[in-house]
2 protein chains.
Amino acid sequence: MRAGVKDVAKRAGVSVGTVSNVLNRPDAVADATRERVEAAMRELDFVRNASARQLRAGQSTAVGAVLLDLSNPFYTALARGIEDRLALDNLTLMVASSDQDPEREERVLQLFAEQGIRGLVITPTKTTKKRLERLDAFGIPSVLLDSQSKRHASVGMDNVSGGRQVVRHLIERGHRRIAYLGGPEHLEQSRDRLAGAVQAVVEAGLNSDEVIVSRWLPGMSADDGQRAFIDVYDGEAAKPTAFFCINDIVALGVQRECRLRGYDMPSRVAVVGYDDVPFASELMTPLTSVRQPTHEIGYAAADLLLSGAGRDVHQVFRPELVIRASSGGPA
Amino acid sequence: MRAGVKDVAKRAGVSVGTVSNVLNRPDAVADATRERVEAAMRELDFVRNASARQLRAGQSTAVGAVLLDLSNPFYTALARGIEDRLALDNLTLMVASSDQDPEREERVLQLFAEQGIRGLVITPTKTTKKRLERLDAFGIPSVLLDSQSKRHASVGMDNVSGGRQVVRHLIERGHRRIAYLGGPEHLEQSRDRLAGAVQAVVEAGLNSDEVIVSRWLPGMSADDGQRAFIDVYDGEAAKPTAFFCINDIVALGVQRECRLRGYDMPSRVAVVGYDDVPFASELMTPLTSVRQPTHEIGYAAADLLLSGAGRDVHQVFRPELVIRASSGGPA
DNA sequence: TTGAAAGCGATACCAC
DNA sequence: GTGGTATCGCTTTCAA
């Protein structure tokens, strides 16, 4: 049988109150008593029951994270950053992928709420924000990842800047017809990067309607990218000479199709990804991409959460364009 | 304030017992009553308190997973498989990376034990197994990933077969000096794959001491791979013509160094990875690798856990060699 | 500094 | 089918 405070108390010849004190306010206990209690705990292999503790204390030691997709390295790097910050406070991480599926997200948040998580880090989808208000009502704070909102603290990237850097670069390399393969439209980062792209075109004194052709993809897999490439390249009269993809995985799909068709990169088609995943530099055609300090972002998000930062804190990291062969290589 | 069963009961004009019945044995409640209670729950935005429930029921709705490294796609694919299985039962996943650090692992398991997790899926390190016995004593079942043991159920790959397939392939391609870059020695899969490699050499009627030169790496990053390549290639008098790496990331490091040195792959150095991560086929030199059904493995592990399979169940998936350019391409 | 006892919120048993 | 109530293990006053 699992030993509880009672057993420990009996064994140490003290009351449960004292055992609890040893656990929670060790300084308030006489050294000798404390040592006796600690010995008893060791002998009995005492493990605190978090449920009981939480029930009484009203607070759990778990933090929840809802990420878009646990099989995408970008998000798992975030998870890792979050985890590392939590470890400092001996907190545990509950994770779930939302897959941008509102129902799945709903179920997960429900479960998290039941668990009484201490806080939530989430990459929100279109329908998320209302749900967060319900959590707020229960006193569970949230930090948004890669998305801003008046009502919640957030840590994110300057996606407008990212999109702008990419397209400015492509224009400098002479591209005048650029495809933007965004993720699902409801993703803020999708829209922001497009906004940045448009901005860069305008700044170059060009007409954005003529230069940019964009698509919202249903998902962000390599297959989605490949299909979108086919759709755009075969469907548009004015063929793009460059593809700017929402992430490196999608870009992988574009590269794959180019290779199948024997299109040279970058001379016939330039490709740019986003996230700069570790293998981007090792591809057959090394991929120009945008680097984001993912681990730091996750860490910062957890830190914001734990420090009880106000909902008006919005930390923004600046992305950095990494130019490789897929867009013509460094100047 | 957060509404509890009491509030719901009052509002619905029933007793708390009935509310609990609606929650846990809906069939045992009259339809009319049930609807009334459900309405009350909705109106009050009732959220079950998992702590209280667990305390009483003695069982949590969380399952723990301790994975080697949350930033490695192989492990996150596992996580994803686990998560998908848990979702079926409305369970949540607590994850942590052990980084093969015994202390970190210890702390995490402690935390998980306190949480009263319903079960554990773990990629064990050298020191893990004792710790699991403590969990066993608390009635928390574990399933080992990628590792076998008499005392626990497991789901894994046949790593001996994987190693054997790789080296048989390399020998067929004429390689007679093969470097094996294993992960840390205490990892069972490291040792098993080497065993398989040796077996293949012996089966070919060759002397394994002459053919195979092996190293245990401290970690499994691209940098570790790169460093090990330098160590072996520059350090050994008989230069290997092929490198068999513990995973694709390590192989990436080897490829990187080859490229820096201008060594042609595969004519001067053949490279084989393991795991067949999604980008393996898209590398500058597409990487020969060993495919493992990661998602299925994770799913199966969670399934084993939830089905309460005995400790004598050892599910083994067979890996599949995928031959690409880095080892000379398909025959 | 230590002990006794109330109570966190849901469950499950036993009456009715 | 429904209601009353002891109980899970721990924390936290309050008194001694």
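In what follows, chains carry the letters A, B, and so on, assigned in the order in which the sequence lines appear, proteins first and then strands, with residues in each chain numbered from 1. Note that the structure is a prediction, hence the values are computed from the model and not measured. Note: hydrogens, waters and symmetry copies are ignored here, and every other heavy atom, side chains too, is used.
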N or O in side chain of [X] less than 4.0 angstrom from [N] OP1/OP2:
X: A:T33; N: C:dT1; value: no
X: B:N49; N: C:dA10; value: no
X: B:R56; N: C:dC8; value: no
X: A:T18; N: C:dG3; value: yes

If we ignore hydrogens and angles and just use 3.5 Å, is the side chain of [X] paired with the main-chain N or O of [Y] as donor and acceptor?
X: B:R48; Y: A:E114; result: no
X: A:S154; Y: A:L144; result: no
X: B:Q148; Y: B:H314; result: no

From [atom1] of [X] over to [atom2] of [N], roughly how many Å is that when rounded to an integer?
X: A:N21; N: D:dC10; atom1: CG; atom2: P; value: 14 Å
X: A:L23; N: D:dT12; atom1: CG; atom2: P; value: 11 Å
X: B:Q54; N: D:dG9; atom1: CD; atom2: P; value: 13 Å
X: A:R36; N: C:dT1; atom1: CZ; atom2: P; value: 14 Å
X: A:R25; N: D:dC14; atom1: CZ; atom2: C1'; value: 13 Å
X: B:Q59; N: C:dT11; atom1: CD; atom2: P; value: 13 Å
X: B:M41; N: C:dA10; atom1: CE; atom2: P; value: 11 Å
X: A:D27; N: C:dT1; atom1: CG; atom2: P; value: 10 Å

Would you mind telling me which of [options] lies closest to the side-chain atoms of [X]?
X: A:R48; options: C:dG9, D:dC10, D:dT11; answer: D:dT11
X: A:V16; options: D:dT11, D:dG9, C:dT11; answer: D:dT11
X: A:S20; options: C:dT11, D:dT11, C:dT2; answer: D:dT11

Could you verify whether a donor N or O on one side chain and an acceptor N or O on the other, from A:T61 and B:Q115, lie under 3.5 Å apart? yes
Does B:R53 make a side-chain donor-acceptor contact with the base of C:dT11, cut-off 3.5 Å? no
Salt bridge present between [X] and [Y] (N-O < 4.0 angstrom):
X: A:K129; Y: A:D136; answer: no
X: A:K10; Y: A:D7; answer: no
X: A:R80; Y: A:E83; answer: yes

Both B:K6 and A:S15 contact DNA chain C. Which one's nearest nucleotide lies toward the 5' end? A:S15
On DNA chain D, compare the nucleotides closest to B:R34 and B:A52; which residue's is nearer the 5' end?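 That would be B:R34.
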Five-pair end axes of the helix from C:dT1-D:dA16 to C:dC16-D:dG1 and the angle they enclose, rounded to 10°: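 Overall, the helix from C:dT1-D:dA16 to C:dC16-D:dG1 bends by 30° from one end axis to the other.
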